[in-house]
Number of protein chains: 2
Amino acid sequence: MDITEFVENSIGRWRSQRSAHHLAFGHFEAVQSEIDIVSLSLDDPAVIDLCQTYEVNPEAAVSPFRMSWEGQSDWEESEAIKGSCVLVPVPDPNHANRGRLLRDQGYAETIAAVGDYYLTEDRTFVLTTAYDRAAAEEKIWFVNPNVRCRVSLIKTSAGTGVVTASFSSEIRQDVKA
Amino acid sequence: MDITEFVENSIGRWRSQRSAHHLAFGHFEAVQSEIDIVSLSLDDPAVIDLCQTYEVNPEAAVSPFRMSWEGQSDWEESEAIKGSCVLVPVPDPNHANRGRLLRDQGYAETIAAVGDYYLTEDRTFVLTTAYDRAAAEEKIWFVNPNVRCRVSLIKTSAGTGVVTASFSSEIRQDVKA
């Protein structure tokens, strides 16, 4: 599986159940949300802008997409969780299953970020992103075309301590025949 | 990584936070538990018995262990979740990273079961177990020596529908220096 196939499989509307484990406190948080993933064209101004921010030649990018989410946490019930970001994969020219992922803002931190991804032999997408004071590691895989799992870990920047581990099960709402 | 190293890394006492997503209902369940994993000797009567049940030569087994757990769910608060089982890996003589895992009773179903495991290149243990009316798929990996993640999926026996997806984050209590 390469990044193009992975993004293609992800396009659509998903209903997500997410559980976050705040490890130091043994606290559980439950989030329900809708996630929309739509593909963008390579000449979309948002894609060109993001490439320029990271001094990447837009011709090196493939399968850009926009992800939007809207949900509700049981922890901060007053606050709707809502956001959107543009993501641009830039494959490594020497390794079909590796590359960088540009993002105009994160959900872990609301700043632009660039992560390193690879796809494992068992079709898991693995993304690591280094922030100033933290590092994020995300694994995403498809159980079938209509069910996606995602595990996200937020670590201290030294990389040894895990602060939050969260798990999402995502069910496709625009079910493929 | 082979199964011997994986079991070795797992031995110890763990504090587990588990979230189960019951997908049809969008229901969240939270379970807190303590898990003890202790190694058994190859001539332990429980190991010999389990090998005989599955007509496996005990000399083909490696790194048998006992797993015990005791916890509390927020769903059925009255009931303590408590159990124990013996697990016996039987590596495939032709593939160092594959084999069968014998178990004297499961936590998905309280009956004996035999599953097929393999270890991926990125050090994830993947176990699939077929039951009469369901199939279970489990992935376990270490984030560091003191943090383990585990994703379990219960599917219909046809294998297409996912009924429950659960995620455990496990923190070592007998921390290694």
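Order of the sequence lines fixes the chain letters, A, B, ..., with proteins taken first and strands second; residue numbering starts at 1 for each chain.
Nearest heavy atoms, B:Leu101 versus B:Pro89: CD1-N, 3.7 Å. Summarising the geometry of B:Trp14 relative to B:Asn9, their closest heavy-atom pair is CZ2-O, 3.7 Å, with the distance given to 0.1 Å. Listed here is the closest heavy atom pair of B:Ser10 and B:Arg172: C-NH2, 4.5 Å.
Note: A:Phe142 and A:Phe6 have perpendicular aromatic rings, judged against thresholds of 30 and 60 degrees for the angle between ring planes.
For the pair A:Ser168 (side chain) and A:Glu170 (backbone), a donor-acceptor distance under 3.5 Å is absent. Proximity of a side-chain donor or acceptor of B:Asn97 to a complementary backbone N or O of B:Asp2 within less than 3.5 Å is not detected.
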For B:Thr128 and B:Glu137, run side chain to side chain donor-acceptor pair (under 3.5 Å): C-alpha distance rounded to whole Å, both residues' side-chain angles, the deciding distance at 0.1 Å, then the answer.
CA-CA 5 Å; B:Thr128 53; B:Glu137 187 185 300; over 6 Å; no

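Of the atoms belonging to A:Arg15, it is side-chain heavy atoms, and not backbone ones, that fall under 4.5 Å from chain B. For A:Thr124, the part sitting under 4.5 Å from any heavy atom of chain B is the side chain, from C-beta outward, and nothing else.
Using a 4.5 Å cut-off between non-hydrogen atoms, no part of residues 45-58 of chain A approaches chain B. Against chain B, the residues from residues 21-44 of chain A that qualify, each with a non-hydrogen atom under 4.5 angstrom away, are A:His21, A:His22, A:Leu23, A:Gly26, A:His27, A:Phe28, A:Ala30, A:Val31, A:Gln32 in number order.
Looking at B:Arg103 and B:Thr129, their side chains come closer than 4.5 Å, going by heavy atoms from C-beta outward.
Residue A:Arg148 holds its CZ atom at 11.5 Å from CD1 of A:Ile171, rounded to the nearest 0.5 Å.
Judged by a 6.0 Å distance limit and a 45° cone about the ring axis, B:Arg123 is not positioned over the six-membered ring of B:Trp141.
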